[in-house]
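Step one of this worksheet: look at the structure below.
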Amino acid sequence: MSIDINCDLGESYGAYRIGNDEGIIPFVTSVNIACGFHAGDPTTMRKTVKLALENKVAIGAHPGFNDVLGFGRREINISASEIYDLVVYQIGALEAIVKSEGGAMQHVKPHGALYNMAAKDIHLAEAIAKAVYKVNPEYILFGLANSEIIRAGKRYGLNVANEVFADRTYQSDGSLTPRTQEQALIHDPNYAAKQILHMVKEKKVVSVQEEEVPIQADTICIHGDSNEGLSIVKTIRKTLLQSDISIQNFKQAKH
């Protein structure tokens, strides 16, 4: 059994530093790099791409709403055609930097509010999947496990990765608990590892309503902007390896 561990990186902006990119990256197998809309800037993008290539981890674009002030975590009411355009634009920006550094991109993972809205809205999910397909049909689409994003990706013939979260709690419908609610975030590395192991081995997650919800785990997300990110990813790696589960990027894990 193999599993991918991904992390959202490159979220610093200008003089502002967010996350521990250098500390976390040796412990993951895929990274999702902010593309300048919700976070990141051209210089940060280039530096993060170089860091990923040096650590030999798979690179993905992390497109989000054009909302630096809200870190892309505020819902914005825009049309599906606008979603398509902003995703194409951001994929293209990172793709150019990756190519200029001699690398190749592997995947696309929407960010924040865009991710959560598209997980439930078929029209937004279709716009994202279409954008990925039109830019490069070989790119893998990362999305919330069993969500509309995954279904839309499959309809376009994309390879999809069902994503599960180590540091977030779940609702009984399989969605993530909104950050505005209590119990939304998991801060205890041991609890996070226990949740991940249950999802990977048993294909279930226990919701905050204490119900077991079926779930498919292809890739595990660690948030790079949390204070506990490094300790969580270290604990998860140790737990998975002790359970005879190897850690490889999504393409390697599938072969």
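What you see is a predicted model; the values in this text were computed from it and never measured.
Exactly one of I76, I83, D67 qualifies for a side-chain contact (heavy atoms from CB on, under 4.5 Å) with L114. That residue is I83. Applying side-chain contact (heavy atoms from CB on, under 4.5 Å) to V57 and the options L9, V31, N249 leaves one that passes, V31.
No side-chain donor-acceptor contact under 3.5 Å links Q181 to the backbone of P178. Between the side chain of D21 and the main chain of G10, a donor-acceptor pair closer than 3.5 Å is present. Of the possible polar contacts, one joining the Q195 side chain to the F165 backbone as a donor-acceptor pair under 3.5 Å is found. Of the possible donor and acceptor atoms, none in the side chain of N159 sits under 3.5 Å from a partner among the backbone N and O of I140.
Annotation: the span from T48 atom OG1 to N32 atom CG amounts to 11.5 Å, rounded to 0.5 Å. Atom CD1 in I232 sits 6.5 Å away from atom CD1 in I222 (nearest 0.5 Å). Put simply, CD1 on I220 and CG on D167 are 11.0 Å apart, with the number rounded to the nearest 0.5 Å. Distance check: I186 CD1 to E228 CD gives 11.0 Å after rounding to the nearest 0.5 Å. From L53, atom CG reaches atom CD1 of I59 across 4.0 Å, with rounding to the nearest 0.5 Å. Of the inter-residue distances, the one linking I18 atom CD1 with T44 atom OG1 reads 9.5 Å to the nearest 0.5 angstrom.
Looking at heavy atoms from C-beta onward, E22 lies in side-chain contact with L51 at the 4.5 angstrom threshold. Two residues are said to be in side-chain contact when any heavy atoms from C-beta on lie closer than 4.5 Å; H62 and E11 meet this criterion. Between L86 and Q90, some side-chain heavy-atom pair lies under the 4.5 Å cut-off. The shortest side-chain heavy-atom distance between S243 and L197 falls under the 4.5 Å cut-off. Side chains of I91 and Y139 form a contact here, defined as non-hydrogen atoms less than 4.5 Å apart. For the pair V164 and I215, the minimum side-chain heavy-atom distance is below 4.5 Å. Y115 is not listed as a side-chain neighbour of L124, based on a closest heavy-atom distance of 4.5 Å or more. Side-chain contact between V87 and K130 is absent, with no heavy-atom pair separated by less than 4.5 Å.
Between D8 and K109 there is a salt bridge, since at least one side-chain N of the basic residue sits less than 4.0 Å from a carboxylate O of the acidic one.
Under the 4.5 Å side-chain heavy-atom criterion for grouping Ile, Leu, Val, Met, Phe, Trp and Tyr, I24 is not connected to Y16 through any hydrophobic cluster. At a threshold of 4.5 Å between side-chain heavy atoms, the hydrophobic network of Ile, Leu, Val, Met, Phe, Trp and Tyr places I128 and V88 in one connected group. Residues M199 and L185 fall into different hydrophobic clusters, defined by Ile, Leu, Val, Met, Phe, Trp and Tyr side chains chained together at heavy-atom separations under 4.5 Å.
The environment of OH in Y84 is crowded: more than 12 heavy-atom neighbours from other residues, nucleotides or ligands sit within 6.0 Å. Other residues, nucleotides and ligands contribute only 12 or fewer heavy atoms inside 6.0 Å of the CD atom of E138. Y191 OH: 12 or fewer foreign heavy atoms inside a 6.0 Å radius.
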Checklist line | Step-by-step side-chain contact (heavy atoms from CB on, under 4.5 Å) determination, I97 to I33 | finding: CA-CA 11 Å; I97 292 174; I33 300 176; over 6 Å; no
Between F65 and R74, does the side-chain contact (heavy atoms from CB on, under 4.5 Å) criterion hold? Intermediate values first, please. CA-CA 8 Å; F65 283 128; R74 301 186 291 191; over 6 Å; no
Start with the C-alpha distance between I196 and I3, add both sets of side-chain angles, then the distance that settles side-chain contact (heavy atoms from CB on, under 4.5 Å), and finish with yes or no. CA-CA 11 Å; I196 285 298; I3 192 76; over 6 Å; no
Are T177 and Q171 close enough, and set up right, to give a side chain to side chain donor-acceptor pair (under 3.5 Å), and what steps lead you there?
CA-CA 6 Å; T177 304; Q171 297 291 295; 2.8 Å; yes
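With 3.5 Å as the limit, one finds no donor-acceptor pair spanning the side chains of T169 and Q183. Neither side chain, E163 nor T219, offers a donor N or O lying under 3.5 Å from an acceptor on the other. For the residue pair T29 and D4, a side-chain donor N or O sits within less than 3.5 Å of a side-chain acceptor on the partner.
Using bins of under 30°, 30° to 60° and over 60° for the plane-to-plane angle, the ring pair F71/H111 lands in the perpendicular bin.
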